[in-house]
Student: 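One structure coming up, written as structure tokens, with questions to follow.
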Amino acid sequence: MLTLTIDQGLPDPVYEQVAHQIRALIASGALEPGRALPSVRQLAGDLGVSLNTVARAYRLLEAEGFLSIRDRAGVTVAAPAEKLEDSACGPLLVKLRVLLARLRQSGMGTEQLLETLRHEIEVLDSASRGERR
Amino acid sequence: MTKETLVVMLFLTVRVCLVGGIFLAYPRITRKGLVFGTYVGESVAEGEEARRIKREWDRGIVMVMVLSLAVGYGISMVGRPVTGNLTGTVVLLGSLPFLYVWVYSQARRLAPPSAARQAEISAAPLSVNDRLGEGLGIFALVVCILTGLAVIAYATIRYGSLPDSVPTLANLFGINEELRDKSLIAILLMPLLSLVVCSGFALMAILIARAKSSVRAGLGGRSVEAQKSFRVLMSQLLSGMALFTCLFASLVSVKIVHAALSPPPFLHLSIGLAAGAMVLFALLSLFQIMTGSGQGGALLEKGSPEAPLTGALADNAHWYLGMMYIDKDDPSILVESRFGLGYTVNYGNRNALLVTIVYAALLLGLLALALVDTLA
């Protein structure tokens, strides 16, 4: 059973905490494509946060291509093919290039960059095992 | 001592033992970390001070039970069994709030400052299949509305052929004890009340199936499963109560019309069986939930690793007297009770408040109509 935990004491906004954990669960495969997620009202009720907070997290994940929001089917994890074709991938790759360029500019070598990326992927995977940040 | 006095004393004894027994059990089935509606944390809730407060509660409940029985028996034995029954019950129910406020005020002092920090953390299951029990609730709601409307239609159609006086009360042997002047309220009160009460039960069952989950963080789903199991049981209990009450009230409503047309007897074996089945179902279901599940699935969580409660259950700030929950930023209509059995309304939610007011207005309106009709 997958659970989502938010901490109002953290500096990160709640919608980002929700989005980060769902993103990590999808990236690690714990939430498989097609899997339905709770409705905005249900999740907001369970977490005791406002409807707008959860809606904002879902919209962000939809824009990033992680979720698919349909009127009838509700909120589901987007299929891999859908992600590849999604126009949101282009802007994300551009962002990644900008970030890599800035890290390179700060003096990081190729090995260090790869090591940093590997570490971040491990952090992403550990979130799916329920470990807190 | 008359036979009536003995029967009344027996009923009073059963009622006092049942109510007292349930209140004695409540602190034992509540979720870990809660003491009389206050979140004090898991370790403090198991500590000596918390145990002392619980012992005071036990002693208080036993004293209240003895007092109500003594008063009830005393008045009954001087030849006023009905007054004795009523007074004993009033003593029982009237003393419990004072006792609760007493232990609550002591428990409140145990709440650590860290509870506020803990309340900032909340957890939710990422599952969409937790509306278990909703189907039965919807079925019960449809059956109750259709049956209620059918009985109202039947009583209205037969109204013209009824005599000037109609029976409204019978003793246990089915003999009419009260006749009232014929009026629409006298005939329609029971089916209307049935419609409101039974639909209310079914609506609660549906809302419970959709209610907020109050889970622990980082338990690997054990808490979520316990919560789901409790939710299903509560939803089934209320759906069942809706159906059984609907059956009982519909039979009585139809029988009032029949008895008016061809008295006596007023009561019928089917009504007795329906009432018996309703009471038996309620008692068995309560027993099953209290011994097998506990409040919010508390007993099902036993043996699982310690993890603090999250969200509304760990947040003392929005709870008043440990029973009333008011949080306007929380979109939940129902939240899990902190003391007792079941769920409570979030009075800070506009929709929840609206439903509660409309429902209370319907019930009070019907009772007021009945009172006015009786006085007239």
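Fair warning: this is a prediction, and the values are worked out from it, not measured in the lab. Below, chain A is the first sequence line, B the second, and so on; all start at residue 1.
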Student: Search all heavy atoms of A:Gln42 against all heavy atoms of B:Arg210 and return the closest pair with its distance.
Tutor: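 Scanning both residues, the minimum pair turns out to be OE1-O, 3.7 Å.
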
Student: Go through it in stages, so that I can follow the logic: the residues are A:Leu25 and B:Leu126, the test is side chain to side chain contact (heavy atoms under 4.5 Å, CB included), and I'd like the CA-CA distance, side-chain angles, deciding distance and then a yes or no.
Tutor: CA-CA 10 Å; A:Leu25 289 167; B:Leu126 271 177; 3.5 Å; yes

Student: Using the side chain to side chain donor-acceptor pair (under 3.5 Å) criterion, which residues pair with B:Asn349? Sequence neighbours excluded.
Tutor: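 B:Asn349: no side chain to side chain donor-acceptor pair (under 3.5 Å) contacts found.
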
Student: For A:Arg41, does the CZ atom sit with more than 12 other heavy atoms under 6.0 Å from it, leaving out its own atoms?
Tutor: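 Atom CZ in A:Arg41 is not crowded, with 12 or fewer foreign heavy atoms closer than 6.0 Å.
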
Student: For A:Ile6 and B:Ser122: C-alpha separation, side-chain torsions, deciding distance, then whether side chain to side chain contact (heavy atoms under 4.5 Å, CB included) applies.
Tutor: CA-CA 5 Å; A:Ile6 62 162; B:Ser122 56; 3.2 Å; yes

Student: Counting only heavy atoms not in B:Tyr320 (residues, nucleotides, ligands), do more than 12 fall under 6.0 Å from its OH?
Tutor: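 Yes - once you tally the heavy atoms of other residues, nucleotides and ligands closer than 6.0 Å, there are more than 12.
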
Student: Are there over 12 heavy-atom neighbours, none belonging to B:Phe139, within less than 6.0 Å of that residue's CZ?
Tutor: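 No, not enclosed.
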
Student: Measure the spacing between CG of A:Leu47 and CD1 of B:Ile121 and express it to the nearest 0.5 Å.
Tutor: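 Between A:Leu47 CG and B:Ile121 CD1, I get 12.5 Å after rounding to 0.5 Å.
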
Student: Does A:Arg56 have more than 12 heavy atoms from other residues, nucleotides or ligands lying within 6.0 Å of its CZ?
Tutor: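 No, because the 6.0 Å sphere around CZ of A:Arg56 holds 12 heavy atoms or fewer from other groups.
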
Student: Taking A:Gly48, A:Gly9, A:Ala36, A:Pro38 one by one, which has the highest count of heavy-atom pairs under 4.5 Å against chain B?
Tutor: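 Between A:Gly48, A:Gly9, A:Ala36, A:Pro38, the count favours A:Pro38.
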
Student: Side chain of A:Asp46, backbone of B:Ser213: donor and acceptor closer than 3.5 Å?
Tutor: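 Indeed, once roles are kept as given, a pair shorter than 3.5 Å links the two residues.
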
Student: Please report the interatomic distance CG(A:Leu10) to CD(B:Glu120), rounded to the nearest 0.5 Å.
Tutor: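 Answer for the CG-CD pair, A:Leu10 versus B:Glu120, is 9.5 Å.
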
Student: Taking all atoms of both residues into account, what is the closest heavy-atom pair of B:Pro331 and A:Val49, and its distance?
Tutor: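 Result for this residue pair: CD-O, 3.0 Å.
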
